[in-house]
Amino acid sequence: MAEKRYSRGTSRNNSRRKNTKSAMAGEGDSYTYVDGNTVRQLRVAARPEPEEPISVSQTTRKNRERSLQMNLGYVLFLTAAAVVTVFVCVNFLQLRAANTLLQEKVASLTAELDSAVLENDSEYNRVMNSVDLTHIKEVTTEELGMQLATSDQVVTYEAQTSDYVRQYSEIPEE
C-alpha cells in the first residue's frame, strides 16, 4: 500500500505533492492519498429538507400549554400517592423489624428448651443410676412382705393405645 500525501487543490490521479502557496503557508488542509482497494469511500450525509412549519390553531396551542402545566388535582394526586407510598414503606420496615425480633426470640427460646431438655435428661439418668433394684427387692420382700408374681398371675392382652391402661372392672379369669 503506497501512501501519497496531497494538499487541497491537488488531483487524486497526480501522485506528486503539489506545492501551492496556501499549502506551503499551512493555511490549507492536507490529506492522505491511498492507492488500491483499501481506499475508504466517502459517505456524504444527505441534508434533511427543512420541514414547513405546521400552522396550529390558537385553541390547540392553549390546550397543549395547559396540558404541560400541573393543576391542583394533579398535585393532590401526586401528594396522595407519595404519602401512601411512604406509609406502605414504613409499615413494611416495621413488619420486617418485628419479624426479626420474633425470629431472635424463637432462637433464644429454642436454645433454652434444648438446655432444659439436656438438664432433664442428665437428671433422669442420675436418678435412674442411683436406684439400686436389689435393695428395693430386699425391702419389699423382707420388710413389707410382698411376693414376686408367679406366671399364673400375669395376664397378657392387646391394648388399643400404647401409652397406658385404665382398669374399670375386674379382669376375667380364663
Side-chain angles (χ1 to χ4, degrees), residues 1 3 32 34 36-48 50-51 53-54 56-174:
M1 173 164 64
E3 286 194 20
T32 303
V34 179
N37 62 357
T38 60
V39 176
R40 291 185 182 170
Q41 300 294 323
L42 293 178
R43 294 183 188 167
V44 179
R47 291 185 182 175
E51 296 180 8
I54 300 172
V56 179
S57 69
Q58 185 72 16
T59 308
T60 305
R61 192 175 304 121
K62 284 182 181 178
N63 286 340
R64 285 183 184 172
E65 289 174 5
R66 192 176 310 137
S67 68
L68 293 176
Q69 296 175 357
M70 293 196 316
N71 57 16
L72 181 63
Y74 187 64
V75 170
L76 291 177
F77 170 75
L78 288 179
T79 304
V83 167
V84 167
T85 303
V86 168
F87 179 73
V88 168
C89 290
V90 167
N91 281 341
F92 175 74
L93 291 176
Q94 287 177 345
L95 289 175
R96 291 278 299 216
N99 188 21
T100 303
L101 289 175
L102 289 176
Q103 285 178 347
E104 291 173 357
K105 188 173 183 179
V106 166
S108 68
L109 289 175
T110 303
E112 186 179 329
L113 175 67
D114 289 342
S115 67
V117 167
L118 286 174
E119 184 180 330
N120 191 24
D121 288 344
S122 65
E123 190 65 27
Y124 176 78
N125 288 335
R126 187 188 64 76
V127 168
M128 292 306 290
N129 289 335
S130 68
V131 173
D132 185 16
L133 294 179
T134 56
H135 176 66
I136 293 174
K137 183 179 177 183
E138 288 174 4
V139 169
T140 55
T141 55
E142 294 173 8
E143 293 179 17
L144 300 175
M146 297 176 77
Q147 297 177 358
L148 291 173
T150 60
S151 62
D152 61 339
Q153 292 175 326
V154 176
V155 177
T156 58
Y157 64 94
E158 302 247 348
Q160 294 176 349
T161 61
S162 61
D163 292 343
Y164 61 92
V165 176
R166 289 189 183 179
Q167 181 178 349
Y168 294 110
S169 63
E170 291 295 322
I171 299 174
E173 292 186 26
E174 294 179 30

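All heavy atoms count here, side chains included; hydrogens, waters and symmetry mates do not.
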**Study point:** Approximate separation, where rounding is to 0.5 Å, of H135 NE2 and T140 OG1
**Key:** 10.0 Å
Check your understanding: Hey, is the main chain of D121 close enough, under 3.5 Å, to the side chain of N125 for a donor-acceptor pair?
Key -> yes
Check your understanding: Ion pair present between E65 and K62, side-chain N to carboxylate O less than 4.0 angstrom?
Key -> no
Review point. Going from CD on E138 to CG on L133, what distance comes out if it is rounded to the nearest 0.5 angstrom?
Key: 11.5 Å
Practice item. Determine whether more than 12 heavy atoms belonging to other residues, nucleotides or ligands lie under 6.0 Å from atom CZ of R61. Key: yes
Point to revise | Taking every non-hydrogen atom, the tightest pair across L148 and Q153 | key: O-OE1, 4.2 Å
Practice item. Report the distance from atom CZ of R64 to atom OG1 of T60, rounding to the nearest 0.5 Å. Key: 6.5 Å
Review point. What distance do M146 atom CE and I136 atom CD1 have between them, rounded to the nearest 0.5 Å?
Key: 11.5 Å
**Study point:** Spatial distance of atom CG (N99) from atom CD (Q94) [nearest 0.5 Å]
**Key:** 13.5 Å
Revision key, fill the gap. Across all chains, not counting sequence neighbours, the side-chain contact (heavy atoms from CB on, under 4.5 Å) partners of E143 are V139
